[in-house]
Amino acid sequence: MSSYINRENIESLSEELLSPLPTQRRFFSYAMNGLSFILSLLALFPLASILWEIISRGISGLKSEMFYLPLIENGFANAIIGTIIMVSFGALLSIPIGIMTGIFLAEFGKTNKITNFVRFLTSILTGVPSIVVGMFAYGVVVLITKKFSAFAGGFALSVIMLPIIALTTEEALKLIPTQQRLASAALGGTRFQTTFRIVVKSAIPGITTGIALAIARASGETAPLLFTALFSQNWSDSLMSPTASLPVLIFNLYNNPDPEINKLVWTTSIILLSLVLFFSLIARLLSSKSRFK
């Protein structure tokens, strides 16, 4: 009798699963999909309009010599190299510390008072104006070394990048199902092995997204570099000398009274956007390779 009832339940359940959805539910599903598509287009419209405005106004000013001559010879190469150096240096400082901070917040100190304090400070850092970060780096590095430098600029950018990487890493780790941690523990994995071989490896796409966002944010910062790296018309001698950057170059071009020079703001913006895209692609490429190892 029980097998008969079970067979009947299974047959009725399979009929329900295979039967088409009611008309009202299908209509509701199509309507929600259409609404989501329309809202996505509306969200992308401002971004597309900004990109179109920058490209349409700046593409005519692009010249090949901009990529290998310094500013003193009507090129942007020193500003491009300076931006790459300072953003890379800031990333080298902030990425390891940010990832380890996120791991600590998500995995090892969930109910610790120190964790709450660190999370509180990290959240505050995300809202600190960049000009305040520049003043902090000026007091910590520039006043001690007695010179403006790429080192000071990279340090300021690392302070901006650090809280973004830490918080996105924490959220990416929290999205990993608890079942994966339990399965690793059941197979004899220690907490350290579970965290770094299972959890962190599964969260690499989310962590990479946070790193890309931090790099994009740092690449466009102007105020911290005005206080730390200053600017240079020619190639920089070393990391401890004033260094040009694309954001400060855009700032200087915008304030130039010459209309012809002022138009180069759009061309410089194209180069800066391309640089941000380059950093993002590199981050994605590295994350995809590490996932499949």
Side-chain angles (χ1 to χ4, degrees), residues 50-95 130 133-134 137 141 147-161 211-256 258 260-286:
I50 292 172
L51 291 175
W52 172 255
E53 189 74 11
I54 292 173
I55 294 173
S56 61
R57 292 196 179 197
I59 194 69
S60 60
L62 277 177
K63 298 176 183 178
S64 59
E65 58 264 24
M66 290 180 175
F67 297 96
Y68 60 85
L69 293 178
L71 190 63
I72 199 171
E73 299 177 27
N74 297 323
F76 297 161
N78 61 325
I80 297 172
I81 298 299
T83 302
I84 293 175
I85 289 174
M86 287 186 283
V87 172
S88 300
F89 182 69
L92 287 176
L93 289 177
S94 61
I95 289 176
S130 59
V133 175
V141 181
K147 58 178 67 177
F148 296 95
S149 62
F151 175 81
F155 175 78
L157 295 182
S158 69
V159 175
I160 293 174
M161 297 167 66
I211 293 173
L213 289 173
I215 290 175
R217 163 84 187 275
S219 299
E221 290 294 342
T222 305
L225 301 183
L226 287 172
F227 280 91
T228 53
L230 204 59
F231 198 71
S232 175
Q233 297 285 335
N234 212 332
W235 301 103
S236 299
D237 298 329
S238 65
L239 284 176
M240 300 307 297
S241 61
T243 304
S245 61
L246 289 173
V248 178
L249 177 59
I250 292 174
F251 175 78
N252 293 337
L253 293 174
Y254 179 78
N255 291 313
N256 197 299
D258 189 345
E260 292 300 321
I261 296 179
N262 190 265
K263 288 181 181 178
L264 292 175
V265 168
W266 303 101
T267 304
T268 315
S269 300
I270 292 178
I271 298 174
L272 182 58
L273 285 174
S274 302
L275 199 61
V276 172
L277 178 62
F278 171 76
F279 278 122
S280 300
L281 291 176
I282 290 296
R284 289 293 182 186
L285 181 63
L286 292 176

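When a residue number appears, it is its place in the shown sequence, counting from 1.
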For residues 261-269, please give each side-chain donor-acceptor pair under 3.5 Å, one per line with the distance, not counting sequence neighbours.
from   : atom 1 : to     : atom 2 : distance (Å)
Asn262 : ND2    : Leu253 : O      : 3.2
Asn262 : ND2    : Tyr254 : O      : 2.8
Thr267 : OG1    : Gly58  : O      : 2.9
Thr268 : OG1    : Leu264 : O      : 2.7
Ser269 : OG     : Val265 : O      : 2.8

Spacing of CE belonging to Met161 relative to CD1 belonging to Ile211, to within rounding of 0.5 Å: 8.0 Å
Thr243 backbone acceptor or donor facing Ser245 side chain under 3.5 Å: no
Side chain to side chain contact (heavy atoms under 4.5 Å, CB included) partners for Phe155, two or more places apart: Phe136, Ala137, Val140, Val141, Ser158, Val159
Inter- and intrachain pairs under ring pair (Phe, Tyr, Trp, His ring centres under 6.0 Å), touching residues 58-95, at least two apart: Phe89-Phe151
Minimum heavy-atom distance between Thr228 and Gly153, given as atom pair plus value: OG1-CA, 3.3 Å
Ala156 to Val133 - nearest heavy-atom pair and separation: O-CG1, 3.5 Å
Point-to-point distance, once rounded to the nearest 0.5 Å, from CD1 of Ile72 to CH2 of Trp235: 12.0 Å
Least distance between heavy atoms, Thr83 atom then Leu246 atom: OG1-N, 2.8 Å
Short side-chain to backbone donor-acceptor contact, Ser56 and Glu53, under 3.5 Å: yes
Straight-line distance of Ile270 CD1 to Ile59 CD1, nearest 0.5 Å: 4.5 Å
pair Ser219-Leu275: side-chain heavy atoms closer than 4.5 Å: no
Phe231 and Leu71, any side-chain heavy atoms less than 4.5 Å apart: yes
Rounded distance (nearest 0.5 Å) linking atom CD1 of Ile55 with atom OG of Ser274: 8.0 Å
Beyond-backbone contact of Ile215 with Val87, side-chain heavy atoms, under 4.5 angstrom: yes
Leu277 side, atom CG; Leu272 side, atom CG - distance, nearest 0.5 Å: 11.5 Å
Nearest atoms (heavy-atom pairs only) where Met86 meets Ala229: SD-CB, 3.5 Å
Side chains of Ile250 and Thr222 in contact at under 4.5 Å (non-hydrogen atoms): no
For Asn78 against Ser232, the heavy-atom pair lying closest together: ND2-O, 3.1 Å
Main-chain N/O of Phe251 paired with Asn255 side-chain donor or acceptor, under 3.5 Å: yes
Approximate separation, where rounding is to 0.5 Å, of Phe148 CZ and Leu225 CG: 12.0 Å
Side-chain heavy atoms of Asn252 within contact of Val248, under 4.5 Å: yes
Closest non-hydrogen atom pair between Glu221 and Leu157, with its separation: CB-CD2, 4.1 Å
